[in-house]
Amino acid sequence: MFAEVFNRAVRGQGLTRRMSELEGKHIRLCAEELPWPLDLRVVGSALGAADSGVAPNITIRGSLADLRRVAMRTEDADTLFFERRLCIEGETQTGLLIKNMLDALDWNREAHLRALLPPPLASLAIALGRVIRQRRSMPAVPRR
């Protein structure tokens with residue numbers, strides 16, 4: 001389920017073009033609060049479930065909150081690693097590639113909507129989003 005949500009969330013993003021660099025890699029995510037690890041395998045430009053009986057190429061451990069911070073780019077993975085809040089074990093090259101991919105992630109809402117929705121709906125959603133952002137940025141008019 002996590003892989004499906006991830007694949008839909010990154011559809012249309014530059015990250016999907018780089019996923020093939022991790023082709024066949026087994027990534028294990030271990031959140032302290034969960035009783036089981038999340039085993040994922042990169043297939044083409046997407047994530048899929050991996051066999052938990054196979055040794056992963058890389059294991060990333062941390063709290064759910066810290067893993068979320070890294071994924072959302074609200075905190076740098078290096079900072080969490082040096083503070084010993086994030087542990088990365090396994091292939092150094094794979095770990096660096098994943099970190100660099102996350103660091104380079106630049107969310108493009110319009111590309112995402114175009115990848116998810118039929119063209120007329122995507123155009124409508126994009127236009128609506130622009131109007132909403134414009135209205136939010138306008139100064140408030142005092143009421144009498």
Side-chain angles (χ1 to χ4, degrees), residues 1-140:
M1 185 168 76
F2 174 85
E4 184 63 28
V5 169
F6 175 86
N7 292 333
R8 286 185 188 274
V10 298
R11 202 175 282 171
Q13 303 304 306
L15 175 68
T16 58
R17 290 188 293 278
R18 296 204 52 205
M19 289 288 286
S20 62
E21 297 174 46
L22 293 168
E23 176 72 37
K25 296 293 185 181
H26 178 165
I27 302 163
R28 178 170 288 159
L29 296 175
C30 297
E32 296 165 356
E33 298 86 349
L34 299 179
W36 65 90
L38 186 59
D39 287 295
L40 305 163
R41 180 169 298 284
V42 179
V43 181
S45 62
L47 285 181
D51 181 4
S52 60
V54 176
N57 299 94
I58 187 108
T59 300
I60 302 170
R61 298 183 201 301
S63 69
L64 277 173
D66 287 336
L67 292 171
R68 182 189 59 78
R69 285 182 187 102
V70 170
M72 300 298 292
R73 298 183 59 207
T74 57
E75 190 139 12
D76 181 54
D78 289 336
T79 301
L80 294 174
F81 177 77
F82 288 116
E83 290 177 354
R84 298 183 189 257
R85 293 168 43 197
L86 188 67
C87 176
I88 304 170
E89 302 168 344
E91 297 175 359
T92 304
Q93 186 66 28
T94 301
L96 285 172
L97 185 55
I98 291 170
K99 181 204 167 300
N100 291 338
M101 288 170 73
L102 287 172
D103 286 346
L105 184 61
D106 187 20
W107 189 255
N108 184 330
R109 287 184 187 122
E110 290 187 15
H112 183 66
L113 290 169
R114 290 188 197 290
L116 283 178
L117 301 172
L121 285 177
S123 296
L124 179 63
I126 290 166
L128 183 59
R130 287 178 183 160
V131 168
I132 291 169
R133 281 192 299 280
Q134 279 180 333
R135 296 233 170 136
R136 282 185 183 163
S137 66
M138 293 174 69

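The distance from atom CG of N57 to atom CG of L97, rounded to the nearest 0.5 Å, is 11.5 Å.
The minimum heavy-atom distance between A111 and G12, with the atom names listed, is CB-O, 3.3 Å. Closest of all the heavy-atom pairs between D78 and K99 is OD1-CE, 2.9 Å. Between D66 and L80 the shortest heavy-atom distance is O-CD1, 3.7 Å. Across H26 and A55, no two heavy atoms sit closer than the pair ND1-O, 3.8 Å. For L116 against R11, the heavy-atom pair with the smallest separation is CD2-NH1, 3.6 Å.
For R28 (side chain) and S52 (main-chain N/O), a donor-acceptor pair under 3.5 Å exists by modelled atom type. No side-chain donor-acceptor contact under 3.5 Å links E75 to the backbone of R69. Checking side-chain atoms of R41 against main-chain N and O of G24 turns up a donor-acceptor pair under 3.5 Å. At least one donor-acceptor pair under 3.5 Å links the side chain of N7 to the backbone N or O of L47.
Under the 4.0 Å criterion applied to side-chain N and carboxylate O atoms, R61 and E89 are assigned as salt-bridge partners.
By the neighbour-count criterion of 12 heavy atoms within 6.0 Å, atom CD of E23 is densely surrounded, having more than that number from other residues, nucleotides or ligands. The number of heavy-atom neighbours closer than 6.0 Å to CZ of R133, taken from other residues, nucleotides and ligands shown, is above 12.
Test L86, I98, D76, I60 against V70 for side chain to side chain contact (heavy atoms under 4.5 Å, CB included) and you get one pass: L86.
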